[in-house]
Amino acid sequence: ALCTNPADILYAFFVPAGTGCHLPLATTTAASGVTLATITNPNNAIDGNAATASNFNFALSIGGSLAQTVYFQGASSTGDAATVTLSVPPAALSLGLFGAVTVTAYSGSVQVGSPVALNNALSLDMLGLMGNGSPYSVSITPPGTFDRVAVSMSAGAGLLNQVFLHEVTNTSPKPPFTSPKNHTGYVCRGSQAVLTADNPGTGKELRWYTTALATNTTALHTGDTFTISNVTADTIFWVASAETGCTASSERVPVRVLVKPLPAITFNPTFYTCQHYTAAQLNYTNAINSPLTYSITWGNAAASAAFANVSNVTLPASPIGIT
C-alpha cells in the first residue's frame, strides 16, 4: 500500500539570470557570544537605496560579534571590488575605532583572501567625512572572484558600538592614478582644469561627482577626462568607477583642484626710444606670485609698424627688452 506524508513548503524562489551588474540577491545574519547585540533591518543593506541601512548595535553588549552576509546573483568579474557603504553615529573618529569591522569575500563557502579590517581600508579623507554621520562607500578588492561578502563587527572597549550598513555591492575597483595623472592639480585663477584618472577598462566608466556622499548619485560627468572651465577657487571633485549601465559605483576618490593666484608685475606702459633705434627697455617692479613667463600682444598700429608679439617667454629681471 502507498502512503503519503504531508510537507509544508514555507518559501520557494528562483534566481533570474544575472544582469551583468552582479546585483545582491539575499542576505543572512549571525551572532556569536552576544546576548543583547542585534542586527535590525538587514534587508536594507541590499535594497539599492543608500538612504536606508541595516543596523549593527552593540550598545547593550560588552562582547561577542555580529555578521551579515550578502549573496550576489553570480560570481564577480576578475579584479572586481566589494564596495561597502556605511555610516556611524556622528562623533570624532580615529582609524583605530574601525579595527573591529571587517569585510570578507567568499566564493561559495570558500574564503577569498583574508578579512580586511576597515581601519586598513579607510582613507584619511573618508575618515574625516564619516564623522558627520552620513553614508560613504569603501571598496576592497579581494584576490579572486567572489559571489558573497560578509561584514562582521566585534564588540570591545575603545571600538565602535554601532554601525549602519547601507549597501553591499559588487563594483569595479576604485580609480587609480598613473603618473602624470594625480590626485591634485594646480591651475591659475580663471583658467580651466583637466582632471583624469586611469581608464577602468572595457565595459567600465569613470563617474565624477561634487561629493563623496553615497546618497548623492547624480554624476557631474561620465568619462575618463573631466574638464572644468573658469576655476576661481580651490575645489574637491570625487571620481568613482562603475560598470557601464549599472547603478552601483565604487568608492569615490578625491581629486583636488588648487587655484594659484595670477602673477603680476607693475610697470609704466609708456616708454620712449629715439627715432631709428630698434630696441627699448620696459622697466617693471613689484613682481608678485612668482611670475615665470610673460607675453605681449601689440595693438594694430604697433603690429603694422612691425612690432612682434611675444608669447610665454621666460621673464627676465627688469628691464624687459622690446624689439
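Because the structure is a prediction, the values reported are computed rather than measured.
In summary, the side chains of Thr52 and His166 do not present any donor paired with an acceptor at a separation below 3.5 Å, with no hydrogens or angles considered. Using modelled atom types, one finds no donor on one side chain facing an acceptor on the other under 3.5 Å when comparing Asn182 with Thr184. At a cut-off of 3.5 Å, with distance as the only test, no side-chain donor of Thr104 or Gln111 sits close to an acceptor on the other residue. Ser65 and Ser154 are not linked by any side-chain donor-acceptor pair at a separation below 3.5 angstrom, with hydrogens and angles left out of the test.
Counting only distance, with no hydrogens or angles, the side chain of Trp208 and the backbone of Trp238 share no donor-acceptor pair below 3.5 Å. Asn216 contributes a side-chain N or O that, together with a main-chain N or O of Thr218, makes up a donor-acceptor pair within less than 3.5 Å. Judged by distance alone, the side chain of Asn44 and the main-chain N or O of Ala53 form a donor-acceptor pair under 3.5 Å. Side-chain atoms of Ser295 come within 3.5 Å of backbone N or O of Asn312 as a donor-acceptor pair. Between the side chain of Ser123 and the backbone N or O of Met126 there is at least one donor-acceptor pair closer than 3.5 Å. Formation of a donor-acceptor pair under 3.5 Å by the Ser304 side chain with backbone atoms of Asn300 is found in this model. No donor-acceptor distance shorter than 3.5 angstrom exists from the side chain of Ser152 to the backbone of Ala150, with no hydrogens or angles considered. When atom types are taken as modelled, the side chain of Asn119 and the backbone of Gly96 share no donor-acceptor pair closer than 3.5 angstrom. Within the 3.5 Å criterion, the main-chain N or O of Asp224 finds a donor-acceptor partner in the side chain of Thr196. In this structure a side-chain-to-backbone donor-acceptor pair under 3.5 Å is missing from His22 to Phe72.
At a threshold of 4.5 Å between non-hydrogen side-chain atoms, the residues Leu118 and Leu86 count as touching. The closest side-chain heavy-atom distance from Val84 to Ile140 is not below 4.5 Å. For the pair Leu315/Tyr284, a side-chain contact is recorded, criterion being any heavy-atom separation below 4.5 Å from C-beta on. In this structure the side chain of Val259 never reaches within 4.5 angstrom of the side chain of Thr232, judged on heavy atoms. Counting heavy atoms from C-beta on, the side chains of Leu95 and Leu124 come closer than 4.5 Å. Put simply, the side chain of Val313 reaches to within 4.5 Å of the side chain of Tyr294, judged on heavy atoms. By the 4.5 Å heavy-atom criterion applied to side chains, Phe56 and Thr40 are not counted as neighbours. In this structure the side chain of Ser250 never reaches within 4.5 angstrom of the side chain of Arg207, judged on heavy atoms.
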Exercise for the section: Give the intermediate values and the outcome of side-chain contact (heavy atoms from CB on, under 4.5 Å) for residues Asn55 and Gln162. Expected result: CA-CA 7 Å; Asn55 183 1; Gln162 191 172 26; 3.2 Å; yes

Practice task
Give the intermediate values and the outcome of side-chain contact (heavy atoms from CB on, under 4.5 Å) for residues Asp47 and Glu167.
Solution key: CA-CA 8 Å; Asp47 64 356; Glu167 292 295 315; 2.7 Å; yes

Exercise for the section: Using the side chain to side chain donor-acceptor pair (under 3.5 Å) rule, take Ser54 and Gln68 through it: C-alpha gap first, then chi angles, then the decisive distance, then the call. Expected result: CA-CA 9 Å; Ser54 167; Gln68 180 168 352; 2.7 Å; yes

Exercise for the section: Walk me through it: do Ser139 and Thr83 pass the test side chain to side chain donor-acceptor pair (under 3.5 Å)? Expected result: CA-CA 4 Å; Ser139 291; Thr83 296; 2.7 Å; yes

Exercise for the section: Assess whether salt bridge (Lys or Arg N to Asp or Glu O under 4.0 Å) is satisfied between Asp198 and Lys181, documenting all intermediate values. Expected result: CA-CA 8 Å; Asp198 289 3; Lys181 301 166 187 175; 3.4 Å; yes

Exercise for the section: Would you check, one step at a time, whether the test side-chain contact (heavy atoms from CB on, under 4.5 Å) holds for Val149 with Tyr71? Expected result: CA-CA 7 Å; Val149 171; Tyr71 304 82; over 6 Å; no

Practice task
Start with the C-alpha distance between Leu195 and Val257, add both sets of side-chain angles, then the distance that settles side-chain contact (heavy atoms from CB on, under 4.5 Å), and finish with yes or no.
Solution key: CA-CA 9 Å; Leu195 312 182; Val257 180; 3.6 Å; yes

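Taking both residues in full, the closest heavy atoms of Ile39 and Ala67 are given as CD1-O, 3.4 Å, listed atom of the first, atom of the second, then distance. Residues Thr171 and Ala248 share a closest heavy-atom pair of CG2-CB, 3.9 Å. Heavy atoms only, all atoms of each residue included: Ala100 and Leu159 are closest at CB-CD1, 3.3 Å. Across all non-hydrogen atoms, the minimal contact from Thr141 to Ala81 is OG1-CB, 3.8 Å. Between Thr85 and Pro135, the shortest heavy-atom distance links the atoms CG2-CB, 4.0 Å. Here the closest heavy-atom approach between residue Ala264 and residue Pro291 is recorded as O-CG, 4.2 Å.
Rounding to the nearest 0.5 Å gives a distance of 7.5 Å between CG of Leu66 and CE of Met153. Going from atom CD1 of Ile46 over to atom OG1 of Thr27 covers 5.5 Å, rounded to the nearest 0.5 Å. Atom OG1 of residue Thr244 and atom CD of residue Glu205 lie 4.0 Å apart, to the nearest 0.5 angstrom. Interatomic distance, CG of Asn286 versus OG1 of Thr266, reported as 4.0 Å (0.5 Å rounding). Note that the CG atom of Asn283 and the OG atom of Ser318 stand 4.5 Å from one another [nearest 0.5 Å].
When ring centroids are compared, Tyr106 and Phe146 stay outside the 6.0 Å threshold.
Criterion: ILVMFWY side-chain heavy atoms under 4.5 Å apart, direct or through other members. Under it, Leu213 and Leu122 are part of a common hydrophobic cluster. Cluster annotation: Ile236 is connected to Leu127 through the hydrophobic network of ILVMFWY side chains, with a link wherever side-chain heavy atoms come within less than 4.5 Å.
For Glu243, the salt bridge (Lys or Arg N to Asp or Glu O under 4.0 Å) partners at least two apart in sequence or on another chain are Lys204.
Heavy atoms of other residues, nucleotides or ligands lying less than 6.0 angstrom from CG of Asn309 number more than 12.
Figure legend: Arg252 and Tyr136 shown without cation-pi pairing, the cationic atom not lying both under 6.0 angstrom from the six-membered ring centre and within 45 degrees of its axis.
Under a 4.0 Å N-O distance rule, the pair Asp125/Arg256 qualifies as a salt bridge.
Using cut-offs of 30° and 60° for the angle between ring planes, the His221 and Phe226 rings count as parallel.
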